[in-house]
Student: 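Just passing along the structure, written as structure tokens.
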Amino acid sequence: MSVPSQLPLYPEEASNFAPHVDALMVYITLVCLFFAVAVTAAIIFFFFRYQRRKPGEIGAVIHGDSRLETLWLAVPSLLALTMFAGGAIVYVDFRRAPMDTLDIYVIGKQWMWKLEQPNGMREINELHVPVGRNIKLIMASEDVIHDFSVPAFRTKMDVVPGHYNTLWFRPTKIGKYHFFCSQYCGTNHAVMGGWVTVMDDSDYAAWLSGSSGANVNPVVAGEKLFADKACTTCHLSDGKGRAPSLNGVYQAKVLLADGSTVTADDAYIRESILAPAAKIVAGYQPLMPPFQGQLSEEDIFSLTAYIKSLQSQPVPATGAGIAPTGKK
Amino acid sequence: MAVENGLPREHYLNATYGIRSWLLTTDHKRIAMLYLASVTFFFFIGGTFASMIRIHLLTPNGYLVSPETYNKLFTMHGVAMIFFFLIPSIPAVLGNFLIPLMIGAKDLAFPKINLLSWYIYVVGGCFVLYSFSTGGLDTGWTFYTPLSSVYSNSAVTPAVIGIFINGFSSILTGLNFIVTIHTMRAPGMTWFRLPLFVWAHYATSIIFILGTPVIAITLLLVGLERMFHLGFFNPALGGDPILFQHLFWFYSHPAVYIMILPAMGVISEIIPTFARKPIFGYSFIAGSSIAIAVIGFFVWAHHMFLTGESVYAALTFSLLSYLVAIPSAVKVFNWSSIPQCCMRWVLLDCF
């Protein structure tokens with residue numbers, strides 16, 4: 001598999017992060033190697049140069065040198081700062097997903113990965129993505145902490161129960177790459193993994209449409225849950241219910257009872273379903289029961305997908321709970 | 001005092017005999033020997049687990065143990081080696097033995113507390129051995145929740161109780177060292193005449209006292225969550241698994257320096273002794289020990305870059321982590337410079 005331009009012993013470089021991570025890795029390794037060699041060589045040289053040649057010979061007594069101390073405080077500090085800067089640039093890029101992403105929901109559970117494409121197509125321990133597109137994984141755990149790691153993409157992220165973590169990347173090379181769980185999670189942790197298949201756009205489209213009718217569209221599933229859990233009794237779409245309308249709420253700024261505003265992202269929607277009392281929308285009473293323990297992570301993904309789909313529907317004129325846009 | 005073969009006729013090994021004279025001793029040298037025996041015991045326990053891991057990995061398919069047992073092996077290896085060998089090894093053995101001798105004191109400030117700390121270590125060790133022998137535990141030595149507090153079916157509770165108890169042994173040792181170094185230095189033994197081994201142990205003792213209570217109480221919370229389903233770390237009960245990692249690494253990162261600072265103190269004594277030269281840059285090596293102990297408390301979240309912590313927190317902890325490397329570099333450069341006598345000529349004149 002190895003290509004001449006590739007570092008030996010390394011996995012393929014198959015994402016936007018890989019060249020940056022590898023360059024930084026090589027830089028830090030070379031700096032460390034230089035100092036390891038220099039210090040070792042100095043010790044060996046001093047041993048021979050300044051050994052006792054005659055019995056009873058007394059060496060010169062030197063207690064230190066402040067200029068030398070300053071030098072070897074300053075040089076490693078400057079080098080460390082360059083390493084920090086390089087790491088910070090890669091890390092900020094790694095944590096800040098671009099806006100135009102293809103969102104894929106990921107659930108980790110002992111000991112398998114469940115992944116869901118935007119159209120509801122589900123996969124287990126397999127992930128198909130188009131090359132050259134920004135992909136964002138929105139990840140939740142059903143039980144313990146897992147970690148979604150793709151060595152060929154040089155990226156990974158913990159999957160933490162009770163939190164949503166996101167991981168973004170842009171695959172740059174068509175192929176099939178291993179992914180692993182890289183947070184120890186119990187008995188079968190070592191075999192909790194699978195394959196990412198990076199395809200070109202048309203293959204990906206064909207693969208998506210080739211899915212059988214068995215896939216339940218998450219929006220449809222979410223709409224059914226929304227009715228089954230009696231959300232519809234309060235969250236009326238015209239904004240006149242006992243709870244705020246959810247039309248157009250996704251990614252909108254929501255004004256809270258305490259005067260602050262939050263962006264209604266996936267994490268906010270999840271929290272508002274499981275523990276509604278945490279953030280009360282301005283102008284409403286804390287009436288909603290918590291759904292903690294009553295919904296699986298998949299149910300929450302479906303509900304979120306349904307709430308997202310309400311984007312296209314008309315926003316109620318009163319816009320209760322939604323902070324006016326255009327001003328802070 | 002009569003001296004034969006360089007030893008006084010009566011010394012700590014032959015002053016009294018019998019098992020009682022050892023188990024009830026308050027002599028710092030004898031307590032050091034007791035610690036030496038018990039950390040060696042745990043070293044072999046941990047080493048046995050490590051050997052089994054390596055034997056299992058001899059073949060790609062690993063025929064020796066099941067996945068479950070393999071996970072238990074590396075967990076028990078970690079628990080035995082970290083909490084019962086690495087952390088007490090140099091401070092409790094060499095520190096106990098040498099600190100009073102090096103500062104010219106008759107013993108540590110609290111000889112009975114010194115003995116008590118060994119008994120606490122033994123009791124904690126018994127709990128952990130009980131956990132190992134009743135099925136072992138498979139959480140990893142890091143005890144990440146909610147795996148350790150909810151999902152693991154292994155003997156986690158006795159192990160966390162054992163580590164909780166053992167924590168007090170570290171705290172008492174640290175307390176003893178700090179009080180001894182502050183109050184029992186011989187006349188003329190000023191702070192900047194202290195051997196660097198003593199400086200390293202002073203820095204280590206600060207970590208013992210400030211860090212160990214945090215890990216002890218954190219692991220106790222894991223035990224309480226396991227036994228009584230109190231929601232500290234389990235999100236299903238309203239807890240936060242990331243909180244555990246903050247508390248755990250607040251101790252366990254400085255614990256890295258508990259392991260290495262005493263060893264750096266040992267190196268700072270051995271090199272000048274065998275090079276027959278005074279230490280090069282004494283005050284910088286002493287200061288770097290303290291700097292490592294202090295900055296070491298502000299880097300813990302670099303173990304958590306992937307948990308979803310704030311980007312700004314990650315950058316801050318990253319910068320501080322690079323800073324803590326500088327004092328270590330200073331030590332290495334100073335050690336390398338000891339064996340020579342013409343530093344000025346060799347290095348400075350080149351610039």
Side-chain angles (χ1 to χ4, degrees), chain A residues 35 39-40 42-43 45-47 49-52 58-69 71-73 75-77 80-81 83-84 87-88 91-92 95-96 110 141 143-145 147 149 156-158 160-166 182-191 275 292-293, chain B residues 66-68 70-71 74 138-140 142 144-147 150-152 234-236 238-242 245 275-284 304-308 311 314-315 318-319 321-323 325-326 329-330 332-344 346-348 351:
Chain A
F35 279 95
V39 167
T40 311
I43 292 173
F45 171 73
F46 291 157
F47 275 178
R49 175 69 181 77
Y50 302 110
Q51 64 180 309
R52 187 169 60 169
I58 309 279
V61 173
I62 300 172
H63 287 281
D65 186 308
S66 54
R67 283 179 301 170
L68 266 177
E69 301 286 352
L71 181 73
W72 58 48
L73 269 169
V75 172
S77 300
L81 282 180
M83 294 178 192
F84 164 74
Y91 186 80
V92 168
R95 291 293 299 276
R96 291 269 156 85
Q110 287 179 327
S141 166
D143 38 48
V144 302
I145 301 176
D147 185 292
S149 162
K156 54 158 76 169
M157 194 71 192
D158 282 1
V160 182
H163 291 257
Y164 276 155
N165 274 345
T166 58
S182 70
Q183 173 61 53
Y184 171 66
C185 61
T187 309
N188 286 325
H189 160 69
V191 291
Q292 182 82 48
Chain B
S66 66
E68 205 161 9
Y70 181 83
N71 294 341
F74 73 67
D138 69 348
T139 59
T142 51
Y144 269 21
T145 54
L147 179 64
V150 182
Y151 288 88
S152 172
N234 179 6
D240 186 350
I242 303 298
Q245 295 186 23
R276 296 163 183 262
K277 295 279 169 63
I279 191 87
F280 190 93
Y282 170 92
S283 52
F284 286 90
M304 301 166 58
F305 285 155
L306 302 175
T307 56
V311 175
L315 294 182
S318 170
L319 185 61
S321 304
Y322 278 109
L323 286 186
I326 307 301
V330 167
V332 171
F333 291 136
N334 278 301
W335 293 331
S336 319
S337 308
I338 298 169
Q340 51 72 43
C341 66
C342 306
M343 195 65 176
R344 208 166 298 274
V346 175
L347 276 182
L348 275 192
F351 293 111

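Letters go in sequence order (proteins before strands), and every chain restarts at 1. The analysis underlying the following values was restricted to heavy atoms, covering all of them including side chains, and did not include hydrogens, waters or symmetry mates.
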Student: Does A:I145 reach the side chain of B:L147, with side-chain heavy atoms less than 4.5 Å apart?
Tutor: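 Contact flag for A:I145/B:L147 side chains = no.
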Student: Which atom names give the shortest non-hydrogen contact between A:W72 and B:S337, and what distance separates them?
Tutor: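 Heavy-atom minimum between the residues: CH2-OG, 3.3 Å.
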Student: Give the member of B:A314, B:P146, B:G239 that has the highest number of heavy-atom pairs under 4.5 Å with chain A.
Tutor: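 The residue among B:A314, B:P146, B:G239 with the greatest pair count is B:P146.
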Student: Heavy-atom distances under 4.5 Å only: say whether A:A88 touches chain B with side chain, backbone, both or neither.
Tutor: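 Both parts, backbone and side chain.
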Student: Please classify the contact between B:S283 and chain A as side chain, backbone, both or neither, with a heavy-atom cut-off of under 4.5 Å.
Tutor: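 Neither; nothing under 4.5 Å.
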Student: Checking the side chain of A:Y91 only, and the main-chain atoms of B:F305 only, is there a donor and an acceptor separated by less than 3.5 Å?
Tutor: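 Yes, A:Y91 side chain to B:F305 backbone: donor-acceptor pair under 3.5 Å.
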Student: On a heavy-atom basis, which atom in A:V39 and which in B:S336 lie closest, and how many Å separate them?
Tutor: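 That closest heavy-atom pairing would be CG1-OG, 3.5 Å.
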Student: Is it the side chain or the backbone of A:D143 that comes within 4.5 Å of chain B heavy atoms, both, or neither?
Tutor: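 The answer is both parts of A:D143.
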Student: Give, as side chain, backbone, both or neither, the part of B:N234 having an atom under 4.5 angstrom from any heavy atom of chain A.
Tutor: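 Neither part; nothing is under 4.5 Å.
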Student: Heavy-atom distances under 4.5 Å only: say whether B:I242 touches chain A with side chain, backbone, both or neither.
Tutor: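 Looking at B:I242, just its side chain touches chain A.
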Student: Using heavy-atom distances under 4.5 Å, tell me whether A:F35 contacts chain B through its side chain, its backbone, both, or neither.
Tutor: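 For A:F35, the side chain is the part near chain B, not the backbone.
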Student: Chain A heavy atoms under 4.5 Å from B:S321: which part of the residue, side chain, backbone, both or neither?
Tutor: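 Looking at B:S321, nothing touches chain A.
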Student: Tell me, do B:L315 and A:V92 make a side-chain contact under 4.5 Å, heavy atoms counted?
Tutor: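 With C-beta onward as the side chain, the pair touches.
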Student: Heavy-atom distances under 4.5 Å only: say whether B:Y282 touches chain A with side chain, backbone, both or neither.
Tutor: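 The answer is the backbone of B:Y282.
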Student: Shortest non-hydrogen contact from B:P67 to A:T187?
Tutor: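 That closest heavy-atom pairing would be CB-O, 3.8 Å.
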Student: Should the pair A:Y184 and B:F74 be assigned to parallel (<30°), tilted (30 to 60°) or perpendicular (>60°) ring geometry?
Tutor: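 A:Y184 and B:F74: perpendicular rings.
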Student: So which of B:T307, B:T139, B:T142 has the largest heavy-atom pair count under 4.5 angstrom toward chain A?
Tutor: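 Option with the greatest count: B:T307.
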Student: Any side-chain heavy atom of A:L73 sitting closer than 4.5 Å to one from B:F284?
Tutor: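 A side-chain contact exists here, since the closest heavy-atom pair is under 4.5 Å.
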Student: If you count heavy-atom pairs under 4.5 Å with chain A, which of B:S152, B:P235, B:P241 comes out on top?
Tutor: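 With the most close heavy-atom pairs to chain A, the winner is B:P235.
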Student: Measuring from B:L306:CG to A:S182:OG, what's the distance to the nearest 0.5 Å?
Tutor: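 Rounded to the nearest 0.5 Å, the CG-OG separation comes to 7.5 Å.
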Student: Shorter than 4.5 Å, heavy atoms on both sides: which option in A:S77, A:S66, A:A42 has the most such pairs with chain B?
Tutor: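 Of the candidates given, the most pairs with chain B belong to A:S77.
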Student: Between A:E69 and B:V330, is there a side-chain heavy-atom distance shorter than 4.5 Å?
Tutor: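 In contact.
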Student: Please classify the contact of A:H163 with chain B as side chain, backbone, both or neither, using a heavy-atom distance under 4.5 Å.
Tutor: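 When you check distances to chain B, only side chain atoms of A:H163 fall under 4.5 Å.
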Student: Among A:D147, A:V191, A:V144, who wins on heavy-atom pairs under 4.5 Å with chain B?
Tutor: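 So the answer, after comparing A:D147, A:V191, A:V144, is A:V144.
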Student: Could you tell me which portion of A:F84 (side chain, backbone, both or neither) has an atom closer than 4.5 angstrom to a non-hydrogen atom of chain B?
Tutor: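 Both parts, heavy atoms under 4.5 Å.
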Student: Identify the two heavy atoms, one from A:N165 and one from B:G308, that lie closest to each other, and give their separation to 0.1 Å.
Tutor: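 Looking at all heavy atoms of both residues, the closest pair is OD1-CA, 3.6 Å.
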Student: Where on B:V150 is there a heavy atom nearer than 4.5 Å to chain A: the side chain, the backbone, both, or neither?
Tutor: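 Interface part for B:V150: neither.
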Student: If you round to the nearest 0.5 Å, how far is CG of A:N188 from CG of B:N71?
Tutor: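 CG of A:N188 is found 8.5 Å from CG of B:N71.
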Student: As a quick check of understanding, evaluate side-chain contact (heavy atoms from CB on, under 4.5 Å) for A:L68 and B:F280, giving each step before the final call.
Tutor: CA-CA 11 Å; A:L68 266 177; B:F280 190 93; 3.9 Å; yes
